[in-house]
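Everything on this sheet refers to the single structure shown next.
First the proteins, then the strands, lettered A, B, ... as listed; each starts at 1.
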Amino acid sequence: MNALLAAALPLAAEAPTSVSSVTRDANWFLENVWIIPLLPALSFLAILFFGKRMPKKGAEIGIAAVGLAFVLAIITGFAWLDHRDNFDGPLAESPATGIEPAQGDKLEDPTASHEGDDEHAIAVVSEDGTSSADSVALTADPVDDGHGEEGHAYVAVQNSTQWFQSGGIEFSAGTLVDGLSVMMLFVVTIISLLVHIYSTDYVGGDRRYTHYFAFLSLFTASMLFFVVSDNVLQMIVGWELVGVCSFALIGHWWEEKPNSDAALKAFLTNRVGDVGLLVGMITLFFAAGGGKTFDTLSITNTINQGGVSHTALVVAAAALMAAVMSKSGQFLLHTWLPDAMAGPTPVSALIHAATMVVAGIYMVARLYPVFWEGMQIPGSSINLLATVGAVTLVGAGLLAFVQTDIKKVLAYSTVSQLGYMAMALGVGAWTAAVFHLFTHAFLKANLFLGSGSVAHAVHSFDMKKDMGGMRKFMPQTYKTFIIGSVALAGVFPFAGFWSKDEILTGTGGWGILGGTGGPGTYTFHLAMGMIGAALTAAYMTRCVYLTFHGEYRGNDHAHDDAHADDHADDHADDHAHGDPHESGPRILYPLYILSGFSIVIGFVNFPPGIALIPDGWHERFLHFVEPAGASYFPGVGHGTPSYSLAIISSLVAFAGFGLAYRYYFVKVDNLAKSTGQHLTELPNGLVTTRGWARAGHKVLVEKYYLDHLYTGIIAGGTKGPIAKAANWTNQHLIDEVVDTAGRTAVKTGQQVYARIDQGVIEGVINGSGRISDATGEELRRINSGKVQNYAAILFAGAALLAGAFIILLAL
Amino acid sequence: MIGSILAAEFTDTEKWVVNSFWGVIAAVMIVAALRVVTTKNVVHAALWLVVVLAGVAIQFIFLGSEFVAVTQILVYIGAVVVLFLFGVMLTRASMGDDESVGEEKRTMAALVGVMLAVVMAVALVDTYGDDQLIIDEPQRVDEVSDAIFSQYIVPFEAVSVLLLAALIGAIVVARKD
Amino acid sequence: MILNQFLLLAAALFCIGVYGVLVRKNGMLVLMSVELILNAVNINLVAFGALTDDVGGEVFALFTIAVAAAEVGIGLAIVLLMYRNRRSIDLSEADLMKG
């Protein structure tokens with residue numbers, strides 16, 4: 001580990017360990033990135049207060065704010081590109097020490113030893129003296145090890161201020177900008193902007209239109225806040241905020257019971273993970289933050305320098321895993337995500353596909369040393385994170401086959417792709433995971449918005465009942481959807497190909513395919529990744545066939561608005577029921593833009609060694625995003641890509657596509673044509689003829705019985721016995737005690753009364769008897785339902801206990 | 001201010017005067033408190049409550065906490081009691097006799113109260129005996145504020161959020177839909 | 001002055017408050033009794049603060065006052081709601097929790 005670090009970090013070798021790869025002194029845009037989340041937050045308030053009075057009901061405020069945030073994110077991105085290659089200003093001391101930033105000489109940068117070193121205290125990126133570095137940035141030939149270190153160390157920009165301090169612990173608030181957060185800023189703002197524009201048409205005329213845009217803004221603000229936060233407390237706040245927005249938007253049409261149920265399910269499932277998040281973050285605070293700081297970078301720095309016990313990291317990593325499993329829909333806790341499709345489709349695209357669900361992935365990427373050390377990623381061949389990811393990848397891919405709802409196919413596809421990302425992080429392919437996050441956001445937003453466009457036309461999400469043959473009615477949507485599907489399936493040269501291939505490379509091992517040199521030898525995960533690639537291609541083929549090919553099935557049955565039609569009643573009858581038609585420009589243009597990205601976005605990270613590509617174009621994404629050599633990032637090794645692996649993975653994906661094509665486009669289509677029926681499956685397919693296939697199909701339709709497990713067995717199993725036990729206690733124990741106490745008190749009173757009736761102290765005893773009697777009566781009627789009686793018992797009990805305590809102490 | 005009457009170098013006579021003054025206040029408070037819980041008239045109960053609250057403020061001054069005393073008067077007598085009077089008006093509660101409470105219930109409550117009183121008195125006398133309380137100068141307000149805004153900032157923030165929540169909650173609970 | 005005179009006074013106020021909470025039928029009067037209890041606690045806090053010469057006692061007395069204000073607000077809202085729903089604020093009629 002240390003050797004790796006030293007190899008990856010030649011510059012920091014002689015620097016004192018307390019110096020982190022952080023600066024507080026950089027380009028204005030990098031320092032003031034807090035403006036970006038602030039804009040949509042203000043827009044949320046503005047829409048809330050003035051939205052209804054605006055001519056466009058508040059949509060324009062949201063679009064303006066997010067648009068401005070997008071522009072700022074782009075500028076920040078360019079500022080980062082410049083900063084990454086040219087920054088040689090002063091570094092900050094490790095935030096844990098709390099010492100003010102030291103001056104420029106801390107950076108032992110061999111190439112930075114040009115004139116003007118003493119001026120670097122203030123400087124950001126001075127125009128003079130960096131021209132040489134500039135040319136490096138533009139023509140950038142990768143260094144032979146492929147790590148893309150071009151003489152300049154990776155320096156994150158932190159700008160934090162003390163929020164308050166209590167009991168010697170400082171609670172700070174601030175922003176942390178590095179390649180990862182800049183990338184997320186870009187992704188979140190652009191997809192949010194497109195979704196805003198798309199929504200003006202899609203939910204147009206909705207009864208809670210303004211409310212909808214307010215929450216879109218709040219969601220965008222929370223996600224951006226989460227992304228730029230520089231300490232784990234702030235991350236928790238952002239994490240919970242996006243959860244709340246997700247809850248509100250899934251339940252947007254809460255009048256229908258399934259929708260509000262889905263919102264509740266999402267919220268409650270996420271609570272399970274949130275507990276893990278809290279435990280994990282607190283563990284980190286004490287183990288790595290020394291009980292003093294929540295600062296992300298000092299925590300990761302400390303861990304990276306080996307100053308934290310392995311046990312603590314295992315606990316933290318395992319607890320954080322629970323959070324990842326719930327928020328990022330990993331297997332066992334993924335069940336909320338398909339149900340979350342009850343929300344409006346643009347919301348599904350923004351929140352449940354492109355941005356919020358990757359919060360877990362982002363968190364792992366941000367706190368990577370925790371998992372790197374805690375899960376023992378390097379040099380291993382199996383670990384929890386990678387295995388959960390691999391299981392999710394294949395399990396959800398299989399589930400996508402049995403869905404009839406187009407959005408659920410995409411939802412399971414999302415779960416499956418998130419599995420890819422988690423697996424990539426688990427096998428140590430950090431950049432591949434983040435890159436897949438990046439490309440997947442565009443493709444999946446493209447696919448979701450495309451499915452929304454179709455659903456908008458036919459007023460349904462049911463592929464089997466209401467779709468089919470949509471290609472004729474919606475040629476533009478069809479084209480964009482095809483591009484998205486092909487890109488998701490990982491066909492060369494679309495975006496998904498590059499990122500998926502990089503993940504497969506990152507698993508390492510498996511010498512036949514030439515994929516060597518990763519941090520470990522994860523052969524099992526490579527195999528799962530291959531299966532996942534085949535599954536992805538196959539279920540997308542099925543989805544495309546059922547939606548766009550064959551004959552239109554929407555007129556097969558009377559068009560009753562009651563089924564699965566989540567916005568028909570808002571649209572009155574402005575669509576004549578009949579043949580569906582293409583959507584309007586506000587829906588199509590976002591689709592064009594996203595499908596454009598789906599084609600080209602993979603080009604930002606060409607693997608090294610492709611001869612046809614100019615040298616400077618290799619691994620740009622890796623260079624700008626991966627904090628290689630930064631003191632807060634472990635020295636991840638990279639697998640060497642090979643043509644053979646790329647070809648084999650493409651063949652595997654093609655095989656999946658071919659099988660599905662043969663089944664749907666050839667067999668089902670031919671049969672449908674020859675019989676003249678509207679078929680979606682073969683009547684004599686495997687599922688109907690073979691017992692094992694039927695059983696497997698049943699398991700998939702029942703979603704591996706996970707929902708039964710949770711609601712029936714776990715919830716039911718605990719709820720029932722607890723209720724029963726409580727009832728029994730109430731019936732037998734408490735009643736018995738109370739009755740006995742009451743009876744005894746009465747008896748005592750009577751006895752006392754009878755015996756000393758004529759005694760000298762008659763009055764006193766009489767009174768006490770009567771009090772006992774009264775108490776007895778009261779106790780007997782204890783279940784009166786009157787709060788005051790309960791309070792009386794409470795106080796009496798407290799007094800008795802305190803009295804007993806005093807007597808015990810006195811003895 | 002009045003806090004200075006607590007200066008330690010009192011003569012015995014002066015101490016006696018202070019102590020009997022304290023005793024009178026305490027007696028008035030106990031009587032007023034008893035009237036709060038026994039009077040049949042809601043408005044009278046509120047007014048007796050004012051007496052108790054003012055007595056508590058005087059106790060704070062005896063203890064050298066002038067700031068808390070002032071806050072007590074401002075918040076309790078100024079706001080809380082007025083709220084009570086508003087509540088009385090809004091609920092049009094009977095200004096006259098409260099319906100008679102059953103003898104049985106009275107006995108039970110008195111029993112509980114006396115039990116508590118005995119337990120507490122025994123415990124207090126046993127623990128603190130006649131520990132002297134030396135208050136040579138009143139607590140400075142700046143010390144209080146410094147403590148609130150540094151050491152106790154988290155509870156302070158929590159209380160602010162609680163107040164906000166109570167504000168919203170009260171509106172939600174009481175508004176007419 | 002001795003510490004116990006304050007503490008015993010507070011204890012007396014507390015017990016009177018408890019008696020009021022238990023015996024009163026009128027919701028408003030119950031709230032007033034709760035105020036008595038809170039004030040008793042405040043006296044204790046300040047007295048112990050003075051004993052240990054710690055400012056914390058006073059700070060928490062202030063917090064208690066703030067919380068009490070919130071409590072009265074919510075309590076009165078509940079009493080109002082109860083009045084509106086049942087035309088009565090007699091707590092002995094409120095027995096929906098009856099088992």
Side-chain angles (χ1 to χ4, degrees), chain B residues 22 26 29-30 33-34 36-37 42 45-46 49 52-53 56 59-60 63-65 68 71-72 75 79-80 83-84 87-88 90-91 93 98-99 101 105-106 109-110 112-113 116-117 120-121 124-125 128 130-133 135 139 143-144 147-148 152 155 159 162-163 166-167 169-170 173-174, chain C residues 1-9 11-29 31-33 35-36 39 42-43 46-47 49-51 55-63 65-74 76-81 83-84 89-90:
Chain B
W22 184 89
M29 281 170 68
I30 300 278
L34 282 172
V36 171
V37 297
V42 186
L49 184 64
V52 182
L53 297 177
V56 173
Q59 295 298 331
F60 289 152
L63 288 164
S65 307
V68 185
T71 315
Q72 167 89 3
V75 175
V80 172
L83 256 181
F84 273 121
V88 172
L90 285 172
T91 55
D98 195 14
E99 310 88 294
V101 178
K105 197 173 172 185
R106 256 183 227 291
V112 171
L116 273 176
M120 282 197 276
L124 288 176
V125 172
Y128 294 105
D130 17 318
D131 286 3
Q132 290 296 313
L133 195 57
I135 300 154
Q139 188 80 48
E143 284 170 18
V144 178
I148 288 184
Y152 296 105
V159 167
L162 176 85
L163 276 177
L167 181 74
V173 170
Chain C
M1 299 211 151
I2 61 172
L3 175 66
N4 250 339
Q5 66 192 70
F6 293 100
L7 300 186
L8 288 173
L9 172 67
L13 278 183
F14 183 89
C15 296
I16 295 171
V18 167
Y19 173 80
V21 168
L22 298 185
V23 88
R24 288 302 210 177
K25 289 170 104 177
N26 185 326
M28 305 286 306
L29 291 168
L31 280 181
M32 291 183 201
S33 310
E35 294 307 311
L36 286 182
N39 274 282
N42 269 355
I43 294 180
V46 176
L51 178 74
V55 77
E58 279 185 51
V59 171
F60 276 93
L62 289 171
F63 286 154
I65 292 177
V67 172
E71 173 257 326
V72 170
I74 291 287
L76 281 177
I78 292 172
V79 169
L80 272 185
L81 190 70
Y83 177 74
R84 205 178 297 137
I89 51 173
D90 188 342

Pick whichever of C/I65, C/V72, C/V18 has the most heavy-atom pairs under 4.5 Å with chain B.
-> C/I65
Contact part of C/V67 toward chain B, heavy-atom cut-off under 4.5 Å: side chain, backbone, both or neither?
-> both
Can you name the nearest heavy-atom pair linking C/A11 to B/L124, along with the distance?
-> CB-CD1, 4.3 Å
Pairs of heavy atoms under 4.5 Å with chain C: top-ranked of B/G113, B/A147, B/A26, B/S65 | B/S65
Turns out that what part of B/V144 lies under 4.5 Å from chain C's heavy atoms comes down to both
Contact leader toward chain B among C/V46, C/L81, C/V21, C/L80, where contacts are heavy-atom pairs under 4.5 Å = C/V46
Once you round to the nearest 0.5 Å, how far does CG of B/L116 lie from CD1 of C/I16?
-> 12.0 Å
Have a look at C/L36 and tell me which of B/V56, B/L53, B/L49 forms a side-chain contact (heavy atoms from CB on, under 4.5 Å) with it.
-> B/L49
Looking at C/G56 and B/Y152, what are the two nearest heavy atoms and their distance?
-> CA-OH, 3.4 Å
Write down the atom of C/A61, the atom of B/V68, and the distance for their closest heavy-atom approach.
-> CB-CG1, 4.1 Å
Kindly give the heavy-atom pair with the smallest separation between B/A33 and C/L13, and that separation in Å.
-> CB-CD2, 3.6 Å
Looking at B/V37, B/D131, B/L34, which one has more heavy-atom pairs under 4.5 Å with chain C than the rest?
-> B/V37
Do B/F60 and C/N42 have side-chain heavy atoms sitting under 4.5 Å apart?
-> yes
Heavy-atom distances under 4.5 Å only: say whether B/V75 touches chain C with side chain, backbone, both or neither.
-> side chain
Proximity breakdown for B/V36 and chain C, heavy-atom pairs closer than 4.5 Å | both
Distance from B/Q132 atom CD to C/L51 atom CG, nearest 0.5 Å?
-> 11.0 Å
Cut-off 4.5 Å, heavy atoms of chain B, and the answer for C/L76 is side chain
When rounded to the nearest 0.5 angstrom, what distance separates CZ in C/F6 from CG in B/L63?
-> 4.0 Å
For the pair C/L9 and B/I30, evaluate side-chain contact (heavy atoms from CB on, under 4.5 Å) and give the outcome as yes or no after the intermediate values.
-> CA-CA 8 Å; C/L9 172 67; B/I30 300 278; 3.8 Å; yes
Checking B/A79 against chain C: side chain, backbone, both or neither under 4.5 Å from a heavy atom?
-> neither
Whatever's closer than 4.5 Å to a heavy atom in chain C on B/V173 counts as both
Smallest heavy-atom separation, C/A66 atom then B/L163 atom, equals O-CD2, 3.6 Å
Please name the pair of heavy atoms, one in C/A70 and one in B/L162, separated by the smallest distance, quoted to 0.1 Å.
-> CB-CD2, 4.4 Å
Per-residue tally against chain B (heavy atom, under 4.5 Å) across C/I78, C/I43, C/V79 peaks at C/I43
Out of curiosity, B/I148 CD1 to C/F63 CZ, how far, rounded to the nearest 0.5 Å?
-> 5.5 Å
Establish, from distance only, whether the side-chain atoms of C/N39 and B/Q72 form a donor-acceptor pair under 3.5 Å.
-> yes
What part of C/E71 lies closer than 4.5 angstrom to a heavy atom of chain B: side chain, backbone, both or neither?
-> neither
Option that, when pairs with chain B are counted at under 4.5 Å, heavy atom only, ranks first among C/G49, C/A50, C/A77, C/A69 | C/A77
For chain B, the option from C/A47, C/A12, C/S33 that forms the most heavy-atom pairs under 4.5 Å = C/A47
If you round to the nearest 0.5 Å, how far is CZ of B/F84 from CE of C/M32?
-> 5.5 Å
